[in-house]
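Each remark here refers to the structure printed beneath this line.
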Amino acid sequence: MNPFYHRIYKVVRHIPKGRVATYGLVARLAGRPGAARTVGWALSALPDDSDVPWWRVLNAAGRISLSGADHNSVLQRALLLREGVKFAPGGAVNLATFGWPAEAYDSAPAAHTRAASSRRSRRLKGLRT
DNA sequence: GCCATGACGTTCC
DNA sequence: GGGAACGCCATGG
């Protein structure tokens, strides 16, 4: 397994209970800024018996990136609620409150839900046209 | 080795 | 505030 993955997992394991981190932040802490997609890839490859709290990793919008239809998304939401993480109306977590490390979000509000838009819509649009 | 895809992010319009 | 576009890194075909 690549060192990046190991770093990613290690970082995720370091996320305290009841706190959440973003893919981009994990990627940065893992030593690969901008490799947020890779973080998601690494987490998707996690075995069920893994000790990595993947559910504590959310996107920059503080939302669960998984499809609502995905079983894991439900599991993730449940696990976070169990740890005391509260979801604001709309299914978003207040990163300023539950974000880890806190200092990372102090300067970076990560305010907008722009990330949710993403480039997927482009592809979808292409198909529709 | 090149092309396409994906649990993402940031900037521009 | 919402939508579209581009970039980033790693994997699979």
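Hydrogens, waters and symmetry mates are skipped; everything else that's a heavy atom, side chains included, is used. Naming convention: chains lettered A, B, ... in sequence-line order (proteins, then strands); numbering from 1 in each chain.
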Requested in this report: Please tell me if the side chains of A:L80 and A:L58 come closer than 4.5 Å, counting only heavy atoms from C-beta onward.
Outcome: yes
Query - Where A:P53 and A:D51 come nearest, the two heavy atoms and their spacing - result: CD-O, 3.3 Å
Requested in this report: Give the minimum heavy-atom separation between A:G84 and A:F98, together with the two atoms involved.
Outcome: O-CE2, 3.6 Å
Query raised in the report: Just how far, in rounded Å, is C1' of B:dG9 from CG of A:L58?
Result: 14 Å
Query raised in the report: Between A:I64 (CD1) and B:dG6 (C1'), how many Å, whole number?
Result: 18 Å
Query - Minimum-distance nucleotide to A:W41 side chain [options: B:dA7, B:dT10, B:dG6] - result: B:dG6
Query raised in the report: Over how many whole Å does the gap from A:R37 atom CZ to B:dA4 atom C1' extend?
Result: 11 Å
Query raised in the report: Looking only at heavy atoms, what is the nearest atom pair of A:A21 and A:I15, with distance?
Result: CB-CD1, 3.7 Å
Query raised in the report: Checking salt bridge (charged side-chain N to carboxylate O under 4.0 Å, His left out) for the pair A:E83/A:R19: CA distance, chi angles, key distance, verdict?
Result: CA-CA 8 Å; A:E83 295 184 348; A:R19 294 286 176 76; over 6 Å; no
Query raised in the report: Given atom OH of A:Y9 and atom C1' of C:dA10, what is their separation to the nearest angstrom?
Result: 12 Å
Query raised in the report: In residues 29-36 of chain A, which residues come under 4.0 Å of DNA chain C by heavy atom?
Result: A:G34, A:A35
Query raised in the report: If you find the nucleotide of DNA chain B closest to A:R28 and the one closest to A:Y23, which residue's nucleotide is nearer the 5' end?
Result: A:Y23
Report task. Select one nucleotide: of B:dA7, B:dG9, C:dA10, the one nearest the side-chain heavy atoms of A:Y5. Result -> C:dA10
Requested in this report: Tell me what A:T38 touches on the nucleic acid: a base, only sugar-phosphate, or nothing, going by heavy atoms under 4.0 Å.
Outcome: base
Requested in this report: Write down the distance between CZ (A:R63) and C1' (C:dG2), rounded to a whole number of angstrom.
Outcome: 12 Å
**Report entry** Rounded distance (Å) that lies between atom P of C:dA10 and atom CZ of A:R7
**Finding:** 13 Å
Query - A:A35: side-chain contact (heavy atoms from CB on, under 4.5 Å) partners, not counting sequence neighbours - result: A:A27, A:R32, A:T38
Report task. Round to a whole Å and report the spacing from CZ of A:R77 to C1' of B:dA7. Result -> 15 Å
Query raised in the report: C:dT11 P sits how many Å from A:L43 CG, rounded?
Result: 14 Å
Query - Non-hydrogen atoms of A:S65 and A:Y23 that approach each other most closely - result: OG-CE1, 3.5 Å
